[in-house]
Structures are given as structure tokens and as C-alpha cells.
Amino acid sequence: MSGENLSIDTAEKRRRLHIVLWLNVAIAIGFFASGWAGDSNALLANGLDNSSDAIVYALSLLALTRSAIWKRSAARLSGIMLLLFAVGVVFDAVRRFIEGSEPLGLVMLGMAGIAAVVNLICLWLLKRIEHKDVNLRAATTFSFNDFISNGGIIVAGVVVLWTGSNWPDLIVGLAVAAVAAYGGVDILQDAQTDEDRASKAQSAD
């Protein structure tokens, strides 16, 4: 691969998006399995997050040959999905707070470490694509948010090991939900800004 940025419609760009898509599918499966085995809200939250990310990357691939209106609609769907995901994570955290849970710190640390490496790879692949449309900007936002979330899980895993309590896991799960909600709002605003810019350009013509 060359060191130059990739233009918007190259086969290499599509290949990179496919790689990022399947990496997120694999990580989502890993998060769900480890979250169930490790009784962790934070890991399950990230599994849901990566699942929604994978759908966004699939939409980004579909949007490459679609109209700007279709792209903005796909981005809005992505933003709404993130907001719904955040609500689901909050409900699960409240349930675990009421019913109790026993998260495993070592499982949290191991899965978060693997996911952090994968998300760095995804960010590197996406950052080298130039002239990003609204869907690709959303995809980059998702990968960056995921990397931040992985750091929070590592911290929570250490505290869980130290205290034996479930509250660090629940706090990080809620933090992941907050980051997802912020990302969802940001994507919706970006789609609206993109639409406003296109409308102004048409008016000027």
C-alpha cells in the first residue's frame, strides 16, 4: 500500500471498508461472548456498540454509489441506532444495579485490550481515506468512540479486580452509552449540516 490518501471511489477504499466491517463483526461477537461469560454490562454495551458500527460500515459501503440524499438518510439511520443502543445499555445497567452482578475483571481487561488494538487498526484504515462523505465521517467517529470506550473498560477492569465490586463495570457501561448518545447526536447534526450546505449550493445555482 502507498503512503498517499485514498480517493473516494477506489477499489482499495472499498476493500478497507470491508476489512473494517468484518473486524467490527468479529469484535462484537467477542464482546458478547466475554460479556456473558464475565457478567459485564460494559462488555455487553460494547458488543451492542460494535454491532451498530458494523451496520454503519455496511451502509457506508452501500452509499458509495448512491445519491447524496440516500447517504444522508443512511447517516441519520446510523445516528438513531446509536441513540437507541444507548437507551438499551442504560436499562441493562439499571437492571444489574437492582438485581446485582459479579463482573470478572480479568475478562474485562483481556477483551478490552484486544478490542483496543482492533479499533486502532480500524482508525488507521479510515483516516487514510480522503474526501469522506457523511457516512464515512460517521464511521470514523464510531471507531474513535470505541477506542475511548476500550480505555474505560480497562480502567474498570482494574478497579473491579481491586475492589470486587460491580459499580465500576456499571459506570463504564453508562459512560459507553453516553459516548454513543453523543456520537449519535453528532452524526445527526452532521447529516443536517450536509443537507443545509447542499441546499445553499442549489440555491446559489
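Under a cut-off of 6.0 angstrom, the local environment of CZ in F32 is crowded, with over 12 non-hydrogen atoms contributed by other residues, nucleotides or ligands.
With rounding to the nearest 0.5 Å, the separation of CZ in R96 from CD1 in I98 is 13.0 Å. The CG atom of L188 lies 10.5 Å from the OG1 atom of T193; values are rounded to the nearest 0.5 Å. Remark: E102 CD to D169 CG distance equals 12.0 Å, nearest 0.5 Å. From D92, atom CG reaches atom CG of L48 across 8.5 Å, with rounding to the nearest 0.5 Å. One distance of note links CG of N119 with CD1 of I148; it measures 10.5 Å at 0.5 Å rounding. A distance of 9.5 Å separates CG in L21 from SG in C122, rounded to the nearest 0.5 Å.
Closest of all the heavy-atom pairs between A93 and L170 is O-CD2, 4.0 Å. Contact between V172 and G152 at its shortest, heavy atoms only, is CG2-O, 3.3 Å. Nearest heavy atom pair, residue P168 against residue A156, reads O-CB, 3.6 Å. Contact record, I154 with A112: CG1-CB, 3.6 Å, taken as the closest heavy-atom pair. The minimum heavy-atom distance between G105 and V160, with the atom names listed, is N-CG1, 3.8 Å. The minimum heavy-atom distance linking F31 with L43 is given by the pair CB-O, 3.4 Å.
Taking 4.5 Å as the limit, every side-chain heavy atom of V89 sits out of range of all side-chain heavy atoms of V176. Using a 4.5 Å heavy-atom threshold, the side chains of D146 and N24 count as touching. Residues L161 and L109 meet the side-chain proximity criterion, which asks for heavy atoms closer than 4.5 Å.
Of the residues listed (N166, D39, N41), the one engaging S101 in a side-chain hydrogen bond (donor to acceptor under 3.5 Å, both in side chains) is N166, and it is the only one. Checking each of I153, I27, N150, L106 against M111 for a side-chain contact (heavy atoms from CB on, under 4.5 Å) leaves exactly one that passes, namely I27.
Linking Ile, Leu, Val, Met, Phe, Trp and Tyr whenever their side-chain heavy atoms come within less than 4.5 Å leaves V87 and V94 in two separate clusters. No single ILVMFWY cluster, assembled from side-chain heavy atoms under 4.5 Å apart, contains both V158 and M108. I29 and L23 fall within a single hydrophobic cluster, where Ile, Leu, Val, Met, Phe, Trp and Tyr are joined by side-chain heavy atoms under 4.5 Å apart, directly or via other members. Note on L44 and L104: same hydrophobic cluster, where clusters join Ile, Leu, Val, Met, Phe, Trp and Tyr whose side-chain heavy atoms are under 4.5 Å apart, directly or indirectly. The hydrophobic cluster containing V155 does not contain I114, counting ILVMFWY residues as joined when their side-chain heavy atoms lie under 4.5 angstrom apart, directly or transitively.
Although no hydrogens or angles enter the test, the distance criterion places a donor-acceptor pair under 3.5 Å between the side chain of N46 and the main chain of A42.
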